[in-house]
Colleague: 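There's a structure below that I have some questions on.
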Amino acid sequence: MLNVNGLSYRHAHAGRPALRNVTFALGPGQSLLLTGRSGSGKSTLLSILAGLYPHFLKGSLEGQALLDGKQAGQDRVTEWGQGARLMLQNSEAQFFAGTVGEEVLLTLRCRGVTGAQADEMANDRLGVMGLLNLRDHSVFKLSEGQKQKAVLAALTALRPKLLLLDEPSANLDPLFLSDLKSVLKCLQKEGLALIVADHRLYWLHDLCEKLIVLEDGQVAFEGAFGDLDSDGLRQKLGLRSAKAPKPPKLPGPRDLKLPSAPKPQTSAPTPTPAPPPAPTPTPAGGAAPQAKKEIAVTVKNLYFAYPDGRELFGGLSLSLAAGEVTALTGPSGRGKTTLARLLCGLEKPLRGTITYDGQNAGLKLGQVVLQNADHQLYMPTVLSEVVLAIGEGRQSPDIKARAMELLEAFNLAPLADRHPQSLSGGEKQRLVVAVGLARPTKLLALDEPTSGLDGHNLTLMANEIKKAAQAGPAVLVVTHDLELVNLCADRELELIGPQALKAQIAP
Amino acid sequence: MRALSRIDRHRGPGRLALKSETRLLLMVVASISSLVLSEPQALAVLVSFSALYAVAETKPKTLLIAYLFMAVMCSIALFFVWVLGFVFPLMRSSALSMAISPFMRLAVTMNAMLPLALNSRLTDLAMALGRLRLPGLIRLPLMVTIRFIPTILNDMIQLREAVGIRFRGRKGFLFWLRHPITWWRVFFQPLIVRLIRSADELAMAAELKGLEPNTDFGGQPQTFSGYDRLTMLLSALAMVLAGLVQIAIGSHWHA
Amino acid sequence: MATKKLTWNEIWNGRGLFETRELVTIGLFSAAAKASSIMLALIGGGMNPLTLILKSAVQSALLVVLLAKVPKSGTLTLSNAIGMLLSFLLMGQHVISFPAVLLGTITVELLAHFLGGLARRPWLAIPMIASSELLVRVINVGVSYLGVREQPGLLAMVLIVSAFSYLGILLGLAGGLKMTKELRRAGLIQD
């Protein structure tokens with residue numbers, strides 16, 4: 001069905017080719033995992049297979065990409081797209097209509113299907129995705145997982161033969177990932193061929209049978225998914241683990257006092273792909289081994305309320321020690337980011353206190369690095385970005401020297417003169433963390449610092465987080481990424497419900 | 001999404017649940033006819049009818065606030081005229097009947113605008129536009145504009161927050177007044193970067209979806225309700241009546 | 001890909017003039033201009049001089065970047081048309097001045113086209129925006145005169161507002177030009 005033969009592609013004005021001599025084949029109902037380091041050419045390959053060359057990608061192409069005998073680039077995107085559909089990483093950017101149903105109908109109208117037939121086809125797809133009850137729901141009010149399924153409903157409405165997915169796991173928690181996997185399995189049973197380009201690998205086990213690893217645009221490895229069990233291979237190619245990460249067995253935060261009602265429990269569903277062994281709750285956190293460390297942040301009897309009246313945390317108390325990394329985990333929408341924002345003074349608690357060494361919490365002493373690095377980079381060079389953070393408009397040789405020291409600590413010194421927006425995703429993430437540490441801080445909170453990072457960059461980031469903690473502040477990492485937690489966290493707090501927490505004692 | 005709910009939070013269907021097309025049509029008719037008519041009596045007819053429409057479609061409290069706002073703006077404008085009257089005697093106020101016409105025009109436009117602005121959700125307006133036979137050249141970018149205003153507002157809120165975090169409590173007005181170039185850079189540069197990235201991504205999504213300038217965005221054809229027809233009939237009646245008054249008063253016809 | 005002759009219907013729908021992705025980009029920049037106006041009005045109030053200047057500065061800087069991203073004849077006209085239609089839809093503004101402004105902007109575009117066009121002479125973006133924005137303000141003052149013709153003194157307020165906003169346009173042109181250079185350096189706008 002799909003035959004890629006000696007495919008090479010060079011972006012316009014680029015020195016090196018983005019793809020070199022890529023060859024593989026895929027039949028109906030088969031699925032392929034496409035992985036490799038950031039910038040290895042995965043997205044370019046997907047774009048070509050989606051028909052975006054030459055209309056959108058204006059470089060030069062050699063070799064063949066044949067879908068049912070038709071060569072990519074010979075049809076307009078619209079016609080080619082009837083055979084192959086691509087799901088981009090940012091699902092919200094793919095919605096053009098206001099409601100879930102209208103979005104699917106719009107896709108059908110774009111291909112000339114209207115009236116009762118369109119209605120029937122839309123209902124069928126929404127049914128497969130489990131979204132029929134959300135047909136008239138605004139697309140803005142969907143969760144990230146529902147958004148992805150709405151996009152999938154629209155993409156598969158006209159029954160394409162090949163579905164291409166670009167980093168579908170980047171913004172999803174483990175619960176939504178397993179839901180997405182079930183949907184993809186359904187589509188596979190319908191005879192749809194799948195190519196999934198992703199960095200997170202474990203969730204694709206028993207979905208993708210074939211494997212291609214790209215490096216510098218070339219096929220560095222081709223085989224079966226099971227080949228990823230080899231540690232040597234993964235390390236050599238800079239890949240993440242292919243097995244579900246072990247649930248971290250870390251102690252809960254110091255002086256943890258769990259909310260009184262409902263009881264801290266073990267019965268609530270644990271959203272990790274492989275549920276941890278029955279956790280032992282630490283009602284007062286007192287049983288965990290607690291070495292003497294300076295307490296940087298103290299939370300007492302914390303309550304928070306959203307504008308609509310929903311309450312969170314139910315009287316949470318805990319302490320964060322200087323030099324320690326605490327991971328805040330749990331499914332989406334349970335208040336992880338809200339807790340981090342409260343601790344940094346970005347939100348006000350309903351009741352309770354948050355103090356840094358006895359002083360009230362606030363942005364003067366706490367620092368939070370948000371998820372979107374683009375929003376946090378302003379200056380024309382990497383160096384001036386850090387200088388701005390240290391000096392806030394003032395400049396001096398001293399400030400510049402301190403900025404260079406910080407860049408060196410984060411392996412960014414060789415990029416000091418580059419424009420921050422020209423850096424790769426991983427480099428930008430490291431730069432915003434460096435900026436977060438530019439001035440003395442009691443608490444550094446990082447919101448999903450590794451979404452979309454490959455194995456190599458994940459390890460780098462984990463090391464930087466540990467270094468950041470050694471520099472003095474308490475570090476709080478809000479994350480779905482259990483691989484990161486295993487690599488760098490000292491303690492873990494899992495939020496599993498509006499007023500339910502879970503913490504464990506170290507073995 | 002926070003930004004969208006901020007915009008659409010108070011946008012209910014309106015008491016008469018009129019179609020967006022009806023509200024758009026009334027807005028165009030009110031703007032043009034109020035500009036063409038010049039006699040205060042003729043404008044008074046339009047003010048009365050449009051006020052009825054506004055009262056039927058808008059909450060009294062909102063209407064009152066809008067009128068108070070208009071009164072403040074008009075007072076400021078009159079204050080300017082009074083001051084200018086000392087410098088340029090020719091600009092001193094003439095007869096009250098002549099001075100009142102501009103404000104009556106403003107009232108007509110505002111009465112027609114309030115139901116549209118408060119009761120039509122952006123998504124409904126976008127759909128209504130899709131059903132109009134505008135050239136695709138305008139329809140596609142206009143649809144994208146309406147669809148993405150909330151997304152960009154949301155981006156701006158995040159951006160403001162990121163700046164607040166970076167400048168740790170020094171984001172006061174005086175700080176930015178002392179550093180206008182830094183202000184421009186920290187607020188504007190990330191917005192532009194985000195826009196350019198989103199434009200590329202969105203354009204790719206549009207091409208993949210098969211979206212063309214002539215794509216029919218409109219969805220199901222709309223049927224006008226009894227209220228829609230009655231509102232359109234009454235507005236036609238108001239225009240005829242106002243036109244007759246203008247002619248009967250027999251003064252100038254300004255086109 | 002085989003090329004075929006365009007029908008009137010296709011030309012009406014913009015095929016051959018703009019590609020879908022260019023129309024999407026124009027739409028997105030118009031959304032940003034409107035969103036920043038809403039945001040600045042919410043923060044600083046609609047009528048204070050600083051807000052007026054900032055709103056116009058952001059608007060013209062966005063136009064400079066847009067013309068660098070889509071350097072085609074018609075981009076400016078289309079962007080102005082979308083902006084005015086949106087003001088009409090949201091606030092009932094510009095319905096009367098719409099045809100005149102459109103005609104004025106098309107004239108500016110035609111002049112630029114005869115001078116070599118944006119694709120060959122990118123610097124033309126600056127005089128194009130400066131002159132079309134001036135024209136828009138002159139036409140708006142004219143239409144406002146129609147509305148207050150019985151009491152011309154009321155026009156003073158319109159003139160003051162127009163002057164402040166045009167000052168913002170000029171400042172935004174400088175800021176937009178600098179930003180465009182930097183975006184090219186970052187590789188976000190291709191030459």
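Protein chains get the first letters and strands the later ones, always in sequence-line order, with residue 1 at the start of each.
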Colleague: Distance check, rounded to the nearest 0.5 Å: C/Thr20 atom OG1 versus B/Leu140 atom CG?
Modeller: 6.5 Å
Colleague: Need one label for C/Leu62: side chain, backbone, both or neither, based on atoms under 4.5 Å from any heavy atom in chain B.
Modeller: both
Colleague: Please identify, among C/Leu66, C/Ile26, C/Leu188, the residue contributing the most non-hydrogen atom pairs under 4.5 Å to chain B.
Modeller: C/Leu188
Colleague: Quick one: what part of C/Ala57 sits under 4.5 Å from any heavy atom of chain B, side chain, backbone, both or neither?
Modeller: both
Colleague: Contact part of C/Val58 toward chain B, heavy-atom cut-off under 4.5 Å: side chain, backbone, both or neither?
Modeller: both
Colleague: Using heavy-atom distances under 4.5 Å, tell me whether C/Ala186 contacts chain B through its side chain, its backbone, both, or neither.
Modeller: neither
Colleague: Minimum heavy-atom separation for B/Thr145 and C/Ser30, please, with both atom names.
Modeller: OG1-CB, 3.6 Å
Colleague: Which bit of B/Ser198 is near chain C, if near means a heavy-atom gap under 4.5 Å: side chain, backbone, both or neither?
Modeller: both
Colleague: Picking from B/Arg194, B/Met204, B/Arg185, which has the most non-hydrogen pairs under 4.5 angstrom with chain C?
Modeller: B/Arg185
Colleague: Is C/Ser36 in contact with chain B via its backbone, its side chain, both, or neither, using a 4.5 Å heavy-atom distance?
Modeller: both
Colleague: Could you report the tightest heavy-atom contact between B/Leu153 and C/Met39, atom names first, then the distance?
Modeller: O-CE, 3.8 Å
Colleague: What's the spacing between C/Arg21 CZ and B/Glu207 CD if we round to 0.5 Å?
Modeller: 6.5 Å
Colleague: Check each atom of B/Arg197 against the heavy atoms of chain C and say whether the ones under 4.5 Å are side chain, backbone, both or neither.
Modeller: side chain
Colleague: Please tell me if the side chains of C/Phe29 and B/Ile152 come closer than 4.5 Å, counting only heavy atoms from C-beta onward.
Modeller: no
Colleague: Name the region of B/Ile192, side chain, backbone, both or neither, that has any atom closer than 4.5 Å to a heavy atom of chain C.
Modeller: side chain
Colleague: For C/Ala32 versus B/Met156, what's the shortest heavy-atom pair and its separation?
Modeller: O-CE, 4.1 Å
Colleague: Does NZ belonging to C/Lys72 count more than 12 external heavy atoms closer than 6.0 Å?
Modeller: yes
Colleague: Before giving the answer on side-chain contact (heavy atoms from CB on, under 4.5 Å), spell out for C/Leu183 and B/Val193 the whole-Å C-alpha distance, their side-chain angles and the decisive distance to 0.1 Å.
Modeller: CA-CA 8 Å; C/Leu183 292 169; B/Val193 168; 4.1 Å; yes
Colleague: Is C/Ile82 in contact with chain B via its backbone, its side chain, both, or neither, using a 4.5 Å heavy-atom distance?
Modeller: both
Colleague: Given a strict heavy-atom distance threshold of 4.5 Å, which part of C/Glu182 is in contact with chain B: side chain, backbone, both, or neither?
Modeller: side chain
Colleague: Tell me the closest heavy-atom pair linking B/Leu137 and C/Leu78, and the distance in Å.
Modeller: O-CD1, 3.6 Å
Colleague: So which heavy atom on B/Val144 is nearest to which on C/Leu28, and how close?
Modeller: CG1-N, 3.8 Å
Colleague: Hey, is CD1 on B/Ile181 packed in by over 12 heavy atoms from elsewhere, all under 6.0 Å?
Modeller: no
Colleague: To check you understand the geometry: which heavy-atom pair defines the closest contact between C/Ala31 and B/Phe148, and what is its length?
Modeller: CB-C, 4.2 Å
Colleague: First locate atom CZ of B/Phe187, then atom CG of C/Leu54, and finally report the distance between them rounded to the nearest 0.5 Å.
Modeller: 10.5 Å
